[in-house]
Amino acid sequence: MSLRSLHSWNVTPTEAREIQERFRNRVRQKNAASLRRIRHVAGVDVSLKAAQVTAAIVVLDYPTLELVDVATQRQKVSFPYVPGLLTFRECPAILAAYEKLQIEPDLMLVDGQGIAHPRRFGLAAHLGVLLGKPTIGCAKSRLIGTHDEPHEQAGCYTDLFDGNELIGAVLRTRANVKPLYISVGHNIELPTALDFVLDCCQGYRLPEPTRLAHQSAGGLLRSSRARY
DNA sequence: GCGACAG
DNA sequence: ATCTTGTCGC
């Protein structure tokens, strides 16, 4: 599993925006044929501490959601946090962690936006295009867009719009908790993305893939701790 | 100019 | 994201 870098990561914020404008047209919002037979779903998350970013990718068996692989990568922060440019701060470490995986996932749930982004190229979309793999953006808060509040029952959702353009959905993954902002990352359709996210929820606000990746990035996941 | 702003 | 324990509510 080696990766080809389509562009440099050593860029300025202005260059980063240009890269997003240049690659946004590579995003595909149609279900990949591979989605019909998913065996492994991954969760991606990154933690930040003491000028160091720690990316974690967990791979779960699907649909049992049993943890089967974990990979992490810690390195120095090399880009400032700028709303809309989160990818340039987190993606390098994510790609390094990805190369350490022993099991290649068929679908990835990413902690961040997909196309619900100013230039329709958030972290999940960017990662999906670079890996040529289906991805779903599962953000815990809004970056852009307007929406009605979804009903409090788990499974309810409302559309997320940027003007009159549908860019995602606001999904209640658990009753009486803040909803998640779901959007297409790559090679998938929004309805399908919502189905998979709900399918991966096990009673917590965050779906298992993202929830375990979060614990792993924070060094709290039992299985990953043994790797240190 | 003012407010908003993934993690 | 991170700094941080107990505590109120479904």
Side-chain angles (χ1 to χ4, degrees), chain A residues 9 13-14 16-17 19-20 23-24 27 43-58 72-97 108-130 135-147 150-156 160-163 167-186 190 193 197 203-207 209-221:
Chain A
W9 290 108
T14 296
R17 293 188 187 87
I19 288 172
Q20 295 180 326
F23 289 98
R24 59 181 295 175
V27 172
V44 181
D45 189 37
V46 174
S47 68
L48 181 68
K49 189 175 65 174
Q52 295 261 301
V53 292
T54 298
I57 302 180
V58 298
T72 62
Q73 169 70 32
R74 187 170 72 171
Q75 55 189 52
K76 289 183 181 177
V77 171
S78 61
F79 196 88
Y81 170 67
V82 180
L85 301 182
L86 182 65
T87 298
F88 293 83
R89 188 175 172 76
E90 308 191 337
C91 212
I94 292 173
L95 293 175
M108 305 178 86
L109 303 204
V110 185
D111 186 37
Q113 311 290 350
I115 63 171
H117 176 278
R119 290 167 289 285
R120 306 292 184 270
F121 206 59
L123 176 59
H126 201 137
L127 189 59
V129 167
L130 290 183
T135 58
I136 298 172
C138 296
K140 297 184 295 301
S141 63
R142 188 193 70 92
L143 174 57
I144 64 165
T146 58
H147 65 85
H151 292 164
E152 294 298 327
Q153 179 183 14
C156 292
L160 178 63
F161 290 101
D162 181 11
I167 58 175
V170 185
L171 175 68
R172 194 81 67 182
T173 52
R174 173 186 172 159
N176 308 309
V177 298
K178 287 168 55 71
L180 254 38
Y181 290 74
I182 309 301
S183 60
V184 167
H186 186 55
L190 184 58
V197 170
Y204 294 93
R205 177 163 85 121
L206 299 183
T210 299
R211 195 176 76 82
L212 296 184
H214 184 28
Q215 296 185 342
S216 182
L220 303 175
L221 181 62

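Just so we're clear, the structure is a prediction, and the values are computed from it rather than from any experiment. The chains referred to below are lettered A, B, ... by the order of the sequence lines, with proteins before strands, and numbering in each begins at 1.
Taking only side-chain nitrogens and oxygens, A:Lys140 never comes nearer than 4.0 Å to OP1 or OP2 of B:dA6. For C:dA1, neither phosphate oxygen OP1 nor OP2 lies less than 4.0 angstrom from any side-chain nitrogen or oxygen of A:Tyr81. OP1 or OP2 of B:dA6 has not a single side-chain nitrogen or oxygen of A:Thr87 nearer than 4.0 Å. Distances shorter than 4.0 Å separate none of the side-chain N or O atoms of A:Arg89 from OP1 or OP2 on B:dG7.
Looking at heavy-atom distances under 4.0 Å, A:Gly137 makes no contact with the nucleic acid at all. Among the atoms of the strands shown, base atoms are found under 4.0 Å from some heavy atom of A:Leu123.
Contact check for A:Gln73 versus A:Val46: no side-chain heavy atoms found under the 4.5 Å cut-off.
Rounded to whole Å, the distance from CD1 on A:Ile94 to C1' on B:dA6 is 12 Å. A:Leu206 places its CG atom 14 Å from the C1' atom of C:dA1, with the value rounded to the nearest Å. Atom-to-atom, CD1 of A:Ile182 to C1' of B:dA6 comes out at 12 Å; the value is rounded to the nearest Å. Atom CZ of A:Phe88 is separated from atom P of C:dA1 by 21 Å (rounded to the nearest Å). Atom-to-atom, CD of A:Gln75 to P of C:dA1 comes out at 19 Å; the value is rounded to the nearest Å. A straight line from CG of A:Leu85 to C1' of C:dA1 spans 16 Å, rounded to a whole angstrom. Taking atom NE2 on A:His214 and atom C1' on C:dA1, their separation rounds to 9 Å, with Å as the unit. The CZ-C1' distance, from A:Phe79 to C:dA1, rounds to 16 Å in whole Å.
Under the 3.5 Å distance criterion, the side-chain polar atoms of A:Thr210 are left unmatched by any main-chain donor or acceptor of A:Asp111. Side chain of A:Arg174 to main chain of A:Tyr204: no donor-acceptor pair is present (N/O by atom type, distance under 3.5 Å, no hydrogens or angles). A:His186 places no side-chain N or O within 3.5 Å of a backbone atom of A:Ala124 that could act as its donor or acceptor partner. Side-chain N or O atoms of A:Arg205 include one that pairs as donor or acceptor with a backbone N or O of A:Lys178 at under 3.5 Å.
Summary of the strand contacts: A:Asn176 and A:Val46 both lie near DNA chain C, and taking for each the nucleotide with the nearest heavy atom, the more 5' one is attributed to A:Val46.
In the set C:dC10, C:dC3, B:dG7, the nucleotide with an atom closest to the side chain of A:Asp111 is B:dG7. The listed nucleotides are C:dC10, B:dC5, C:dA1; the one nearest the side chain of A:Leu48 is C:dA1.
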